[in-house]
Amino acid sequence: MKVLVVFGTRPEAIKMCPVIKKLKEKSNIICRACLTGQHEEMLNQVMETFDIKSDYNLHVMTERQTLAGVSARIMTGLQEIYEKEKPDVVLVHGDTTSSYIAAVCAFYQHIPIGHVEAGLRTYQLQSPFPEEFNRQSIDMISDIYFAPTKLAQQQLLNEGKNAAHIYVTGNTAIDALKDTIRESYYSSDLEWCKDSRFILLTAHRRENIGEPMYHMFAAVRKIIENNPDVKVIYPIHKNPQVRKIAEEVFAGCDRIRMVEPLDVMDFHNYMKQSYLILTDSGGIQEEAPALGIPVLVMRDTTERPEGVEAGILKLVGTDEACIIKEAEQLLWDKAMYEKMSQAKNPYGDGHASERIVECLLKEFGG
Ligand code: UD1
Ligand code: UDP
């Protein structure tokens, strides 16, 4: 069996590298990895950490890239690779433009598609944008579905997808954590936070860039000003539009450290040692519950309601007053904090990648 794994951004790499590792362990599987290069530095960081070499890299990233530009460059590049490799299955992940275009290209060439992290939904096409469209579209043309949770499976079934090809595997993000968390982890940033409560911040969602992001960051600044024992570390996304807003709002604030995107190993350990996480990220909503760290999700919708239901995630939107109120409640109300941090992780046992490989062997043979 030949599997071609295609991806292009940091979160896809973090969740696909554990699968590639397991595929490469099997002597009856040929595994090829193709990077679109939708991300550059942030993607390379992950490939280095997991020590995985790609077979192809389309290097499509440009500064301030548009969805159409990225899509066109990936589509043109992949056509030739699919023709040359003739894989039995193309494996894509989640909801990015890279995943969507990789799936469409496979569909055009009648190559079966396996979708890792299938079935996540908000059912609101503008939120997150364009990811909700991407994930629904990928599922429309996929042949095999790797649903991380029972809820995701149920959503696929509700849409009439073939039950015989839907597998509940857990989320591969939890597999990745097994390789990255260190008991005695040290960094100078964490040393800086040692006598404070450390909030970890990330933000990058396309639909938040502009007005909502100004409010999110203004809220964080206010939380710092109101609470002298709080320090914030913000590994800032490479997107120049995000950087511009952050630099404006956080200017002169000495209890926030804006650092370059962290290597995934470092980031997971920063998460583990944080008091609270403020984010609009998707993947962090899956990882934090496995580490027992409460998360305030600065978005209006989430496709990961399992964590909200478990009690470790709280959807707080992008309204400044609301973010401040929720964060300060967690800073001041110990009982509430304890309850939130003790919730059970709903995203799997860290063996999702093995399950995905076994399912592929069952579907396509050795
Ligand atoms: C993309 C995904 C989003 C995912 C996010 C993970 C889509 C539509 N969006 O959004 O679902 O949550 O990745 O981070 O697929 N840049 C760099 N270096 C990098 C990466 C990005 O300089 O390594 C800059 C470039 O200027 C680029 C910009 O960031 O143009 C935006 O990157 P892009 O992939 O278009 O959007 P993300 O917000 O990263
Ligand atoms: N992450 C990382 N370094 C950072 C910030 C995040 O390695 O500085 C990891 C994080 O652990 C998670 C993933 O990147 O696995 C989330 O990526 P992002 O928020 O960019 O995308 P999303 O999950 O929202 O698609």
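Remember, it's 1-based here, ligands and their atoms both numbered in the order they're listed. Predicted model only: the values in this text are computed from it and were never measured.
For atom 18 (P) of ligand 2, the choice among Arg205, His204, Gln285 with the nearest heavy atom turns out to be His204.
At a 4.0 Å heavy-atom cut-off, the residues surrounding ligand 1 are Thr9, Pro11, Gln38, His39, Glu40, Glu41, Met42, Met61, Thr62, Glu63, Arg64, Gln65, Leu67, Thr96, Thr97, Pro130, Glu131, His204, Arg205, Arg206, His237, Lys238, Asn239, Pro240, listed by chain and number.
Not close to ligand 2: Met42, with no non-hydrogen atom less than 4.0 angstrom away.
Heavy-atom contacts of Gly283 reach the following atoms of ligand 2: 22 (P), 23 (O) (cutoff under 4.0 Å). Numbered from 1 in the order shown, with element, the atoms of ligand 2 that lie under 4.0 Å from a heavy atom of Pro261 read 8 (O). Within ligand 2, counting atoms from 1 as listed, the ones closer than 4.0 Å to a heavy atom of Gly282 are 22 (P), 23 (O), 24 (O). Annotation for ligand 2: atoms under 4.0 Å from non-hydrogen atoms of His268 are 11 (O). The atoms of ligand 2 that sit less than 4.0 Å from any heavy atom of Leu262 are 2 (C), 3 (N), 4 (C), 7 (O), 8 (O).
Scanning the protein heavy atoms around atom 1 (N) of ligand 2, the nearest turns out to be Phe267 CD2, 3.6 Å. Nearest protein neighbour of atom 10 (C) of ligand 2, counting heavy atoms only, is Glu287 OE1, 3.4 Å. From the protein, the heavy atom lying nearest to atom 13 (C) of ligand 2 is Ile14 CD1, 3.7 Å. In terms of protein heavy-atom proximity, atom 25 (O) of ligand 2 is nearest to Pro11 CG, 3.4 Å. Residue, atom and distance of the protein heavy atom nearest to atom 7 (O) of ligand 2 are Val264 CA, 3.3 Å. Ranking protein heavy atoms by distance to atom 20 (O) of ligand 2, first place goes to Arg10 NH2, 2.8 Å. Protein heavy atom nearest atom 19 (O) of ligand 2, with residue, atom name and distance: Ser281 OG, 2.8 Å.
Contact between Ala147 and Ile166 at its shortest, heavy atoms only, is CB-CG2, 4.3 Å.
Using a 4.0 Å cut-off between a side-chain N of Lys or Arg and a carboxylate O of Asp or Glu, Glu25 and Lys22 qualify as a salt bridge. By the 4.0 Å N-to-carboxylate-O rule, Glu320 lies too far from Lys222 to be salt-bridged with it. A salt bridge links Glu131 with Arg205; the closest basic N to acidic carboxylate O contact falls under 4.0 Å. Look at Lys86 and Asp88 and you find no salt bridge, because none of the NZ, NE, NH1 or NH2 atoms lies under 4.0 Å from a carboxylate O.
With respect to Glu40, the side-chain contact (heavy atoms from CB on, under 4.5 Å) criterion is satisfied by exactly one of Gln45, Met61, Lys238: Met61.
Ring geometry for Tyr337 versus Tyr275: interplanar angle under 30°, hence parallel rather than tilted (30 to 60°).
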Please walk me through it: do Thr96 and Thr9 pass side-chain hydrogen bond (donor to acceptor under 3.5 Å, both in side chains)?
CA-CA 8 Å; Thr96 67; Thr9 67; 4.7 Å; no
Assess the residue pair Tyr108 and Tyr82 against the criterion (ring-ring contact (aromatic ring centres under 6.0 Å, His included)); give the C-alpha distance rounded to whole Å, side-chain angles, the decisive distance to 0.1 Å, and a yes or no.
CA-CA 10 Å; Tyr108 287 163; Tyr82 287 3; over 10 Å; no
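For the residue pair Gln38 / Ser98, a side-chain donor-acceptor distance below 3.5 Å is found, with atom types taken as modelled. Asp175 and Ser353 share a donor-acceptor pair across their side chains, judged by distance under 3.5 Å alone. For Thr279 and Thr202, the side-chain atoms include at least one donor-acceptor pair closer than 3.5 Å. Side-chain atoms of Asn239 and His204 form no donor-acceptor pair, as typed in the model, at a separation below 3.5 Å.
No N or O atom of Asp280 sits closer than 3.5 Å to an N or O atom of ligand 2.
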